[in-house]
Participant: 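Can you read through this structure? Questions will come right after.
Note: hydrogens, waters and symmetry copies are ignored here, and every other heavy atom, side chains too, is used.
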Amino acid sequence: MMKDIPYTFNISAATGLPDSWDRHYERRLSSMKGQFEDTAAMEAMIAENEPVLYEVYELKRPEVAGELLHGVSVIRPGQVGNEYFMTKGHFHSLLETAEVYYCLQGEGMMVMETPEGDWNVQLFAPGTVLYVPPRWAHRSVNTGKDEDLILLFVYPGDAGHDYGTIEIQGFRKLVIEKDGEVKIVDNPRWVSPERRFV
Ligand code: S6P
Ligand code: ZN
């Protein structure tokens with residue numbers, strides 16, 4: 001059984017990485033099918049070298065109400081077509097649960113939306129604290145040229161992850177590079193909630 005005593009861990013100021021974790025996983029491009037608009041660019045990158053888009057370091061805690069799950073995510077710099085590397089993104093299964101993010105390194109954005117179709121995008125720079133209220137799906141995007149985007153996250157133990165809706169049509173907004181600048185544009189595949197099931 002997990003010991004219930006207080007503990008600390010350190011995040012290196014130099015690398016932005018934790019010095020201890022219980023679970024580490026990598027997400028590669030092939031597990032993001034349907035998420036990037038430029039499917040030809042995506043298939044070509046998968047065939048060529050199947051890049052890692054992001055890694056997550058998690059501290060293990062019981063997945064129950066009252067606990068706070070926490071860890072560090074590292075999103076690599078890069079693009080698929082003109083879209084920046086990003087996480088899959090999800091709603092929490094328990095929709096009424098929030099999350100806090102703290103940017104340790106890099107630059108980027110959090111793209112968010114509610115089940116009703118409201119959207120919001122916030123910028124990340126080192127030191128930014130982001131509060132994602134209950135009900136908002138969230139996806140981290142690395143808009144940096146060469147640097148990893150490194151984020152500390154904390155969320156309720158019973159939140160769970162619902163990837164389904166996002167897997168079907170992505171988020172309402174895409175973050176792309178256009179004429180050398182970062183732009184937030186409409187996702188052409190996104191359908192408003194009222195029209196989704198007609
Ligand atoms: C969990 C929290 C993060 C993400 C991680 C990867 O609620 O938001 O730990 O899991 O950033 O993103 P995703 O969308 O692949 O789970
Ligand atoms: Zn989350």
Side-chain angles (χ1 to χ4, degrees), residues 15-17 24-57 71-91 99-114 117-132 136-153 155 161-191:
T15 64
L17 298 177
H24 168 251
Y25 68 89
E26 294 178 339
R27 179 89 71 186
R28 288 179 184 270
L29 188 54
S30 55
S31 64
M32 299 279 287
K33 288 224 162 100
Q35 292 305 302
F36 288 98
E37 272 311 293
D38 190 338
T39 46
M42 180 160 173
E43 292 306 330
M45 285 176 80
I46 291 173
E48 200 190 328
N49 66 351
E50 175 66 316
V52 171
L53 299 195
Y54 56 101
E55 294 175 66
V56 181
Y57 298 83
V72 171
S73 56
V74 180
I75 300 104
R76 301 264 176 252
Q79 291 179 21
V80 179
N82 60 8
E83 253 180 291
Y84 293 99
F85 282 7
M86 60 195 185
T87 59
K88 260 178 101 99
H90 56 266
F91 286 95
E99 185 155 348
V100 171
Y101 278 85
Y102 177 65
C103 179
L104 296 153
Q105 183 186 300
E107 57 189 83
M109 292 182 182
M110 187 71 92
V111 177
M112 292 164 281
E113 71 185 46
T114 66
D118 299 319
W119 68 274
N120 192 285
V121 174
Q122 297 292 329
L123 288 174
F124 278 128
T128 304
V129 178
L130 168 67
Y131 181 68
V132 182
W136 288 82
H138 39 286
R139 160 181 282 167
S140 332
V141 183
N142 185 349
T143 55
K145 278 259 170 287
D146 326 288
E147 211 182 358
D148 289 341
L149 173 66
I150 308 187
L151 304 168
L152 173 79
F153 56 83
Y155 64 102
H161 295 91
D162 165 14
Y163 292 98
T165 315
I166 304 298
E167 271 171 1
I168 294 168
Q169 57 184 16
F171 279 74
R172 182 168 182 171
K173 296 288 170 178
L174 308 178
V175 184
I176 64 164
E177 180 180 21
K178 190 158 184 260
D179 306 325
E181 286 182 27
V182 181
K183 294 262 190 315
I184 298 162
V185 298
D186 286 335
N187 170 4
R189 286 187 305 124
W190 192 85
V191 177

Participant: Does any non-hydrogen side-chain atom of Glu177 lie less than 4.5 Å from one of Lys183?
Facilitator: no
Participant: Arg139 side chain to Lys88 main-chain N or O, any donor-acceptor pair under 3.5 Å?
Facilitator: yes
Participant: Using modelled atom types only, decide if a donor and an acceptor are shared between the side chain of Glu50 and the backbone of Ser30 within a distance under 3.5 Å.
Facilitator: yes
Participant: If you round to the nearest 0.5 Å, how far is OG of Ser140 from OH of Tyr84?
Facilitator: 16.0 Å
Participant: With side chains defined as the heavy atoms from C-beta onward, is the minimum distance between Leu174 and Pro188 less than 4.5 Å?
Facilitator: yes
Participant: May I ask you to test the Trp136-Glu99 pair for a side-chain heavy-atom distance under 4.5 Å?
Facilitator: no
Participant: Any side-chain heavy atom of Val141 within less than 4.5 Å of one from Phe171?
Facilitator: no
Participant: With the side chain counted from C-beta on, respond yes when Thr87 and Ile75 share a heavy-atom pair under 4.5 Å apart, and no when they do not.
Facilitator: yes
Participant: Do Glu113 side-chain atoms and Arg172 backbone N/O form a donor-acceptor pair below 3.5 Å?
Facilitator: yes
Participant: Taking Glu37 for its side chain and Glu83 for its backbone only, find out whether a donor-acceptor pair lies under 3.5 Å.
Facilitator: no
Participant: With rounding to the nearest 0.5 angstrom, report the CG to CD distance, Asn142 to Gln105.
Facilitator: 9.5 Å
Participant: Between Asn120 (side chain only) and Met112 (backbone N and O only), is there a donor and an acceptor less than 3.5 Å apart?
Facilitator: no
Participant: Is the backbone N or O of Ile166 less than 3.5 Å from a side-chain atom of Gln35, with the two atoms forming a donor-acceptor pair by type?
Facilitator: yes
Participant: Do Lys173 and Asp186 pass the salt bridge (Lys or Arg N to Asp or Glu O under 4.0 Å) test, and can you show the C-alpha distance, the side-chain angles, and the key distance before you say yes or no?
Facilitator: CA-CA 5 Å; Lys173 296 288 170 178; Asp186 286 335; 2.4 Å; yes
Participant: Could you tell me whether the side chain of Met42 reaches within less than 4.5 Å of the side chain of Lys33, counting heavy atoms only?
Facilitator: yes
